[in-house]
Amino acid sequence: MSDLQPVRGTHDILPEDHRRHRQVTETARQIAARYGYEEISTPVFEFSEVFKRTLGETSDIVTKEMFSFEDRGGEQLTLRPEVTAGVARAFISGGLAQHLPLKFFCQGPMFRYERPQKGRQRQFHQIDVELLGVDGPLADIEIISLAAHILDALGVADKVTLELNTLGDTESRQSYRTKLVGYLEGFKDKLSEDSLARLDRNPLRILDSKDQGDRAVIADAPLLEDHMNDASKAFFEDVQKGLKTAGIEYKINPTLVRGLDYYCHMAFEFTTETLGAQGAVLAGGRYDGLIEAMGGPPTPGTGWAAGVERLALMIAEPPGPARPVAVVPIGQAAEAEALSLVQRLRRAGFTADLGFSGNLQKRLKGANKANAVAAVIIGEDELAKGAATVRDMETGEQTEVKLSALEDHLARYR
RNA sequence: GUGGUUGUAGCUCAGUUGGUUAGAGCGCCUGGUUGUGGUCCAGGAGGCCGGGGGUUCAAAUCCCCUCAGCCACCCCA
């Protein structure tokens, strides 16, 4: 078995799993469309630089979770660990700046080299929404409303909590960052190894540390909210007002910082208790500096991503495939008639099944296993009369029906 | 990357202090039915006991290594 195992952290998605995945992605796509978000796809791999520059050299994703490789031409490539960087790249390379604002829906596989566990795989799928070119809080209110709408439509609204925080604008963040680093420098001997590494690149992440020693240091650290300028405060308040107007409940979590460097202002996360250690179901925030940092025109952006597998674990069992009508020939002579009949029914919109072999008994058995609603039986008797015997697979009741009237008779099973 | 735990038939699981040919239920196949499914009855197929190495007269069982799942840490969707 070991040689035929799928690669660690990857999974085959069999039909039953696919039903759940489809339920998630289709629901999201349809509702996003009502908000004016159209689907785009970017490649599943990019030049490694795209992710290194945007996610931050010291982020966990870049330092230990990327699937990177060199192609035959010597290019350094990386399987995308998230899609925002790819969308930003597409925005720049496609010269889309003149079409702002832009609303995108995305969906597809992501890759992270992590230790797998429940709700966590090395290849997983995300649905994703990006809104580019709007710098006001209305943008954030819209994408959060859209997220809440989708979660509600999936029937998981009561299993999740919306957590919210603000990181402030660049100015506030810079001044706070300076203060924080100044404070933390004094405790270098007490900080954990991880936090020391973050000190010069992403000090805000230290606030989110769960290390005991770090927590003691953080307890007395300067607070981000004390360094917010008026514009940042107003932004955060406006978003909250908007959410209240939209009837969306939330709670503020001051330690919510997010792992990626490019966020500013809003950071939010829909969390759940139902997925074991995996709390985050849908998360995102604002990334105003991202596109400019990549070399594009200064363009504000905000968006979120959600884990398809995680949502699939949370939703109720979606309905199975439509129950078919089984066409059952008896004997050689009837097979040609059955073949044309089954096609006729399919073109008329029925789900119809024609077995590949077997006598009447075997085919009825097959029809039963396929959960057929009815069997259309054609033998020599029926051929002679230009009719078929329609057997109701629920009641066992049989009716002789003229071939010309078949669709009408079967209409009840649609 | 670290720690814990599990791995026996397609699925869920038994398998005693190491002892002949590794079992059960469900599922699958065949027959009881030459034109009637589900239920029932009879029969059958299906196992490198995750993989490799070791201990032993003898290993599914004990030891080591390894792979994978799950759980937790870390981090995240």
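Taking atom P in both B:A24 and B:G32, the straight-line distance is 25 Å, to the nearest Å. Comparing the C1' positions of B:G46 and B:C29 gives a spacing of 10 Å, expressed to the nearest Å. Remark: the separation of the P atoms in B:U33 and B:G38 is 14 Å, to the nearest Å. For the P atoms, the distance from B:U66 to B:C48 is 24 Å, rounded to whole Å. One P atom belongs to B:G7, the other to B:A60, and the distance between them is 15 Å to the nearest Å. Taking atom C1' in both B:C63 and B:G18, one finds a spacing of 13 Å when rounded to whole Å. Taking the C1' atoms as reference points, B:A45 lies 11 Å from B:A9, given to the whole Å. For the P atoms, the distance from B:G50 to B:C26 is 25 Å, rounded to whole Å.
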Steps toward side chain to side chain donor-acceptor pair (under 3.5 Å) verdict (A:Y413, A:E394): CA-CA 11 Å; A:Y413 297 117; A:E394 226 47 75; over 6 Å; no
Pair A:R19-A:E317, salt bridge (charged side-chain N to carboxylate O under 4.0 Å, His left out): steps then yes or no: CA-CA 9 Å; A:R19 283 208 292 275; A:E317 175 82 28; 3.7 Å; yes
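With rounding to whole Å, A:Q5 atom CD is found 9 Å from B:G51 atom C1'. Regarding A:Q121, its CD atom lies at a distance of 16 Å from the C1' atom of B:C75, rounded to whole Å. Between the CD atom of A:Q117 and the P atom of B:C74 there is a distance of 11 Å, rounded to whole Å. One interatomic measurement links the two molecules: CZ of A:F51 to P of B:C76, which rounds to 17 Å at whole-angstrom precision. Nucleotide B:G69 holds its P atom 13 Å from the CD atom of A:E114, rounded to whole Å. Rounded to whole Å, the distance from CZ on A:R122 to C1' on B:C75 is 14 Å. If you take OH of A:Y113 and C1' of B:C75, they are 16 Å apart, rounded to a whole angstrom. Taking atom CZ of residue A:R8 and atom C1' of nucleotide B:U66, one finds them 12 Å apart after rounding to whole Å.
Nearer to the 5' terminus of RNA chain B, by closest-nucleotide assignment, is the contact made by A:H11 (compared with the other of A:F270 and A:H11). Both A:T10 and A:G307 lie close to RNA chain B; mapped to their nearest nucleotides by heavy-atom distance, the more 5′-ward contact belongs to A:T10.
Residue A:G284 is classed as having no contact, given no heavy-atom separation below 4.0 Å to the nucleic acid. Nucleic acid contact for A:G331: none, since no nucleic acid atom lies under 4.0 Å from a heavy atom of the residue. Residue contacts shown for A:A305 are limited to sugar-phosphate atoms, with no base heavy atom under 4.0 Å away.
The aromatic rings of A:F235 and A:H265 lie parallel to each other, their planes meeting at an angle below 30°, with 60° marking the opposite boundary.
Checked against B:C75, B:A72, B:G69, the side chain of A:P116 finds its nearest nucleotide in B:G69. Considering only the side chain of A:R310, B:C76 comes nearest among B:U30, B:C76, B:G1.
Residues from residues 311-323 of chain A that place a heavy atom under 4.0 Å from any atom of RNA chain B: there are none.
A:S340 and A:R344 share no side-chain donor-acceptor pair at under 3.5 Å. With no hydrogens or angles considered, no side-chain donor-acceptor pair links A:T389 and A:Q398 at under 3.5 Å.
Residues meeting the side-chain contact (heavy atoms from CB on, under 4.5 Å) test with A:R347, sequence neighbours left out: A:Q343. Contacts of A:E39 classified as side-chain contact (heavy atoms from CB on, under 4.5 Å), with partners at least two apart in sequence or in another chain: A:R29, A:F105, A:Q107. With sequence neighbours excluded, no residue forms a salt bridge (charged side-chain N to carboxylate O under 4.0 Å, His left out) with A:E380.
Side-chain contact check for A:F67 versus A:Q123: every heavy-atom pair is 4.5 Å or farther apart.
Under the side-chain contact (heavy atoms from CB on, under 4.5 Å) test applied with A:E309, the options A:Q126, A:K118, A:Q121 reduce to a single match, A:Q121.
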Nucleotides 34-46 of chain B: protein proximity per nucleotide (B base, S sugar-phosphate only, - neither; heavy atom, under 4.0 Å): -BBBB--------
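To the nearest 0.5 angstrom, A:L360 atom CG is 11.5 Å from A:K362 atom NZ. Note that CD1 of A:I13 and CZ of A:R22 are 11.0 Å apart. Values are rounded to the nearest 0.5 Å. Taking CD from A:E269 and CG from A:N253, the interatomic distance works out to 8.0 Å, rounded to the nearest 0.5 Å.
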Watson-Crick and G-U pairing of RNA chain B, under 3.5 Å, as dot-bracket with | and [ ]: (((((((..((((.....[...)))).(((((.......))))).....(((((..]....))))))))))))....
